[in-house]
Amino acid sequence: MLQKDSPQSLFNDTSIPHSPQPEESLHLKDRTEIDLQLGALFVEAKLTESNFQTVSPRLVERYRDFEAVFAVERLPSKIITRPTHPSAEDFSDLEEPSTNTASQLPTPVRSRTVIQGYQLIRNVLAAFHSNASFCVLCDSRRQDLIEIWYSVLAAVHYPSFAWRLKLLTWQELTSVIPEDLQQFLETKYGILPAM
């Protein structure tokens with residue numbers, strides 16, 4: 001796994017106050033994990049991981065070139081709703097249920113919007129910054145991952161860069177790899193060559 005540590009490249013540094021600290025500490029750092037790099041091609045290989053991670057919009061907005069590459073309003077997002085928990089001093093759940101209607105009120109909920117495909121967004125931005133191409137490699141049976149990828153891809157509005165973004169399935173790849181690797185993928189993950 002390749003880790004690209006480019007503290008000055010992936011973040012906008014305009015919000016960081018200047019102080020008498022060493023220059024390197026003035027920059028935000030990020031370790032964008034690239035699963036595989038073949039020359040100028042970055043690959044995100046999904047085989048057993050469940051998703052591409054979600055993140056608050058505030059976190060992705062700090063990346064350099066974020067708005068130049070993405071139409072922010074088109075990125076895949078969802079609203080997460082969570083019940084608010086009683087404070088640590090509230091032991092009312094330990095008491096016997098009462099017939100008091102106040103205790104039967106619904107638990108208040110908090111909701112917030114998160115951006116889906118955080119790993120993809122970071123890797124697309126890393127490829128953009130490095131003047132590279134980017135490919136997602138995933139199982140064709142994982143339509144949820146494929147849909148997130150195409151949602152992120154649809155949000156890319158930098159025309160001369162979008163054509164360098166690709167999707168390849170393990171099933172497509174399996175049809176051109178040696179037989180022993182085909183057998184391994186079939187035995188371990190149930191992946192058969194595409195017909």
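Quick note: numbers below take in every heavy atom, side chains included, and nothing from hydrogens, waters or symmetry partners. Predicted model only: the values in this text are computed from it and were never measured.
- Applying the side chain to side chain donor-acceptor pair (under 3.5 Å) criterion to Ser133, with sequence neighbours excluded, gives no partner residue.
- Under the rule for a side-chain contact (heavy atoms from CB on, under 4.5 Å), the partners of Ser77 that lie at least two apart in sequence or sit in another chain are Thr113, Ile115.
- Annotation: side chain of Tyr118 is in contact with side chain of Leu59 (closest heavy-atom distance under 4.5 Å).
- Under the 4.5 Å side-chain heavy-atom criterion for grouping Ile, Leu, Val, Met, Phe, Trp and Tyr, Leu173 is connected to Leu38 within one hydrophobic cluster.
- Residue-environment remark: CD1 (Ile79) stays at or below the threshold of 12 foreign heavy atoms within 6.0 Å.
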Which pairs of donor and acceptor atoms, one on a side chain in residues 145-156, lie under 3.5 Å apart (sequence neighbours left out)?
unit_1	atom_1	unit_2	atom_2	d
Ser151	OG	Glu147	O	2.9

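- The two atoms that bring Ile34 and Asn123 nearest to each other are CD1-OD1, 3.4 Å, heavy atoms only.
- Each salt bridge (charged side-chain N to carboxylate O under 4.0 Å, His left out) pair with one or both residues in residues 126-146, not counting sequence neighbours, appears once here: Asp139-Arg141, Arg142-Asp144.
- Follow the hydrophobic side-chain contacts under 4.5 Å out from Val176 and you reach Trp170 in the same cluster.
- From Leu47, atom CG reaches atom CG of Leu137 across 8.0 Å, with rounding to the nearest 0.5 Å.
- For Phe128, the ring-ring contact (aromatic ring centres under 6.0 Å, His included) partners at least two apart in sequence or on another chain are Tyr158, Phe161.
- Annotation: salt bridge (charged side-chain N to carboxylate O under 4.0 Å, His left out) contacts involving residues 36-47, sequence neighbours excluded, comprise Glu44-Lys46, Lys46-Glu49.
- Among all heavy-atom pairs drawn from Ala132 and Ala40, the shortest one is CB-O, 3.1 Å.
- Contact annotation: the side chain of Leu192 never approaches that of Gln171 to less than 4.5 Å [non-hydrogen atoms, C-beta and beyond].
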Under the criterion side-chain contact (heavy atoms from CB on, under 4.5 Å), I'd like the reasoning laid out for Val69 against Tyr63: C-alpha separation, chi angles, the key distance, then a yes or no. CA-CA 11 Å; Val69 174; Tyr63 284 96; over 6 Å; no

Inset, instruction - Tell me, with the steps shown, if Phe66 and Glu61 meet side-chain contact (heavy atoms from CB on, under 4.5 Å). - result: CA-CA 6 Å; Phe66 176 66; Glu61 289 167 355; 4.1 Å; yes

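- Note that CZ of Phe42 and CG of Leu36 are 10.5 Å apart. Values are rounded to the nearest 0.5 Å.
- With sequence neighbours excluded, no residue satisfies salt bridge (charged side-chain N to carboxylate O under 4.0 Å, His left out) with Arg164.
- Every residue two or more places apart in sequence or in another chain was checked for a salt bridge (charged side-chain N to carboxylate O under 4.0 Å, His left out) with Arg74, and none qualifies.
- The minimum heavy-atom distance linking Val124 with Phe70 is given by the pair CG1-CZ, 3.6 Å.
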Could you list the donor-acceptor pairs under 3.5 angstrom formed between side-chain atoms of residues 180-191 and any protein atom two or more places apart in sequence or on another chain?
unit_1	atom_1	unit_2	atom_2	d
Gln182	NE2	Thr174	O	3.0
Gln182	NE2	Ile177	O	3.0
Thr187	OG1	Gln183	O	2.9

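- A donor-acceptor contact shorter than 3.5 Å links the side chain of His157 to the backbone of Glu67.
- For the atom pair OG1 (Thr54) and CD (Gln116), the distance works out to 7.5 Å, reported to the nearest 0.5 Å.
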